Amino acid sequence: MNLHEYQGKELLKSYGVQIQEGILALNEHQAVDAAKKLKELYNSDWCVVKAQIHAGGRGKGGGVKLAKSPEQAGELAGQIIDMMLITPQTPPEGKKVRKVLIAQDVYYPGPSETREFYISILTDRGRGGNVIIYSPDGGMDIEKVAAETPERVFTELIDPLLGLRPFQAAKIAFNLGLSGQAFKQMVHFVDRLYAAFLGSDANLFEINPCLKTSDDRIIAVDAKVALDDNGLFRHPNLEALRDTGEEDPTDVEARMYDLNYVKLDGNVGCMVNGAGLAMSTMDLIKLSGGEPANFLDVGGTADAQRVENAMRIILKDQHVKAILINIFGGIVRCDRVAQGVVDAYKSIGHIPVPVIVRLQGTNADIAKKIIDESGLQVMGATEFQEAADLVAKVLKG
Ligand code: GDP
Ligand code: MN
């Protein structure tokens, strides 16, 4: 689950990470009020208007703008709210902006120079631990830095048992070229950031830029936060931050039905129980010349209703030219799945693509009878390979 910048920053702040403060605004009027409030708090006319969408690169797309007065903040908010913001990370048509964060200006002049760093935390499965990836060359061109000067991007592996050790935070601050007060602040920043990452069961934190202000404070100016869906049950307060308006409607529906669904680019819809069987089914589809249109695990409790919901979700994908239902009945009873297929046909009315069904295991014989007697145009298969061959055959027409 992804968070908006303003939500990610609140999460960081709750763990003691210093952030660029801001106030959310839904319209021009609220934006002016927010900017006036920031003016009182931080004694500056300037503020930044930041589009809140689930995509980065907003600065490049015109979604982050500096205002030199509360009135101007209102004007800019008026321009940004409701616009289709196009960035390198949005779909080509862009994403509609529904709210903006009015943030304090933190690039103010002072005794030393302002510097932008890049800091992210994610799990490196290959190395078996979380890594902190960081660079002294943060800001809007970090992709270029990674491509052209990879030696300017550092990685620190965190031992899962020992956690982040103080010398590691110090090493990061050192490699970022800091000293004195800024060095101390950075050590604290990294320590708190890592605590927030662990505490929220996050998959990804990306702070770009992490800023050294001209008076040597270290603050998160941006926050990209992705939380682990499997950890969300432990964090109802974070789950409540979900913005379904930003998510793919099919994903939202699949979650509502508790189905594990991942959309892919192919043309064969798959409905399978169990992640292992789902993956081998996808492999087999590929070997037979097809391309899986999705990963869909209906789970160990597949019943008629779930099968029907899954069928609807698969059919929303216009690229699907055939559906392969591959179920191994262990705890799941095949007859229930078969009934689900028949019910789906009846209630959906018209299923425009061929459906190949392989049901093996508990009550497979009853299942076969249900399908046969339904009179539906469903192709049955007993063996795995047989099912894949049928898929290949219907794809060829
Ligand atoms: P992104 O483009 O989606 O990653 O959005 P960011 O939150 O990273 O903001 C983009 C850029 O806006 C930053 O890299 C900064 O250069 C600039 N920016 C953000 N906050 C301020 C600010 O308070 N003052 C000024 N002058 N620029 C800012
Ligand atoms: Mn950014």
Side-chain angles (χ1 to χ4, degrees), residues 2-13 17-25 31 34-35 37-39 41-70 72-73 76-77 79-81 83-91 94-110 113-122 133-146 153 193 204-215 217-226 243 246:
N2 293 325
L3 298 186
H4 282 293
E5 175 197 355
Y6 74 94
Q7 298 168 325
K9 280 175 163 173
E10 284 304 314
L11 168 65
L12 298 188
K13 191 178 172 179
V17 179
Q18 281 207 58
I19 59 164
Q20 173 193 40
E21 297 284 347
I23 299 169
L24 193 69
K37 189 132 189 217
L38 291 176
K39 182 176 169 176
L41 286 169
Y42 305 107
N43 198 23
S44 162
D45 278 328
W46 291 20
C47 64
V48 196
V49 182
K50 310 182 82 177
Q52 299 297 290
I53 55 167
H54 283 189
R58 295 162 302 165
K60 286 193 170 144
V64 178
K65 295 221 159 107
L66 182 70
K68 299 194 171 172
S69 69
Q72 199 190 356
L76 291 170
Q79 289 164 20
I80 292 175
I81 292 172
M83 82 184 270
M84 289 298 286
L85 181 54
I86 301 170
T87 85
Q89 295 179 23
T90 60
K95 278 195 136 192
K96 187 166 178 140
V97 182
R98 296 195 171 81
K99 40 198 171 187
V100 291
L101 179 66
I102 308 298
Q104 65 174 142
D105 171 35
V106 283
Y107 288 62
Y108 46 79
E113 55 163 358
T114 299
R115 292 184 54 198
E116 292 183 319
F117 306 123
Y118 173 93
I119 302 184
S120 66
I121 309 178
L122 53 119
I133 298 174
Y134 61 101
S135 173
D137 305 330
M140 292 204 279
D141 286 316
I142 187 65
E143 288 82 5
K144 208 171 141 212
V145 175
V153 180
L193 193 69
L204 171 72
F205 271 13
E206 190 176 47
I207 313 303
N208 186 33
C210 163
L211 197 77
K212 184 195 83 65
T213 61
S214 59
D215 50 359
R217 295 191 305 128
I218 303 293
I219 58 177
V221 170
D222 192 6
K224 177 179 170 140
V225 172
D243 184 348
E246 290 285 325

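As the structure lists them, so they are numbered: ligands from 1, and atoms in each ligand from 1. Bear in mind that the values here come from a model prediction, so they are computed numbers and not experimental data.
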**NZ/NE/NH1/NH2 to OD/OE distance under 4.0 Å, R58 and D222** = yes

**Asked** Between K39 and D45, is the closest basic N to carboxylate O distance under 4.0 Å?
**Response** yes

What protein heavy atom lies closest to [atom]? Include the residue and the distance to one decimal.
atom: atom 11 (C) of ligand 1; result: M140 SD, 3.9 Å
atom: atom 16 (O) of ligand 1; result: E116 OE2, 3.1 Å
atom: atom 1 (P) of ligand 1; result: R58 N, 3.5 Å
atom: atom 20 (N) of ligand 1; result: Q20 NE2, 3.2 Å
atom: atom 12 (O) of ligand 1; result: V64 CG1, 3.5 Å
atom: atom 7 (O) of ligand 1; result: K50 NZ, 2.7 Å
atom: atom 6 (P) of ligand 1; result: D222 OD2, 3.5 Å
atom: atom 19 (C) of ligand 1; result: V221 CG1, 3.6 Å

I need the contact type for [X] against ligand 1. Using non-hydrogen atoms and a strict under-4.0 Å cut-off, is it side chain, backbone, both or neither?
X: N208; value: backbone
X: D105; value: both
X: Q104; value: backbone
X: V106; value: both

Which atoms of ligand 1 have any heavy atom of [X] under 4.0 Å away?
X: V48; answer: 20 (N), 21 (C), 22 (C), 23 (O), 24 (N)
X: P209; answer: 8 (O), 14 (O)
X: G56; answer: 3 (O)

**Any donor-acceptor pair under 3.5 Å from K13 side chain to I19 backbone** = no

**Message:** Can a donor-acceptor pair be found, under 3.5 Å and without considering hydrogens, that links the side chain of K60 to the backbone of M140?
**Reply:** yes

**Fill in**
Here the gap from Y108 atom OH to T114 atom OG1, rounded to the nearest 0.5 Å, amounts to 7.5 Å

**Asked** How many angstroms lie between atom CD1 of I81 and atom CD of Q52, to the nearest 0.5 angstrom?
**Response** 10.5 Å

**Request:** Say whether G57 and ligand 1 are in contact under the criterion: heavy-atom distance to a ligand atom below 4.0 Å.
**Result:** yes

**Asked** Does K224 come within less than 4.0 angstrom of ligand 1, counting non-hydrogen atoms of the residue?
**Response** no

**Request:** Return yes or no for this condition: an N or O of G59 is under 3.5 Å from an N or O of ligand 1.
**Result:** yes

**Prompt:** Is there at least one pair of N or O atoms, one from E5 and one from ligand 1, spaced under 3.5 Å apart?
**Reply:** no

**Request:** Determine, considering heavy atoms only, which of W46, Y108, Y107 sits nearest to atom 28 (C) of ligand 1.
**Result:** Y107

**Prompt:** Without hydrogens or angle criteria, can the side chains of D243 and H54 be said to hold a donor-acceptor pair below 3.5 Å?
**Reply:** no

**Request:** Would you please say whether a donor-acceptor pair under 3.5 Å links the side chains of D105 and Y42?
**Result:** no

**Request:** Sort by chain and number the protein N/O/S atoms that are closer than 2.8 Å to the Mn ion (ligand 2), and list them.
**Result:** N208 O, D222 OD2

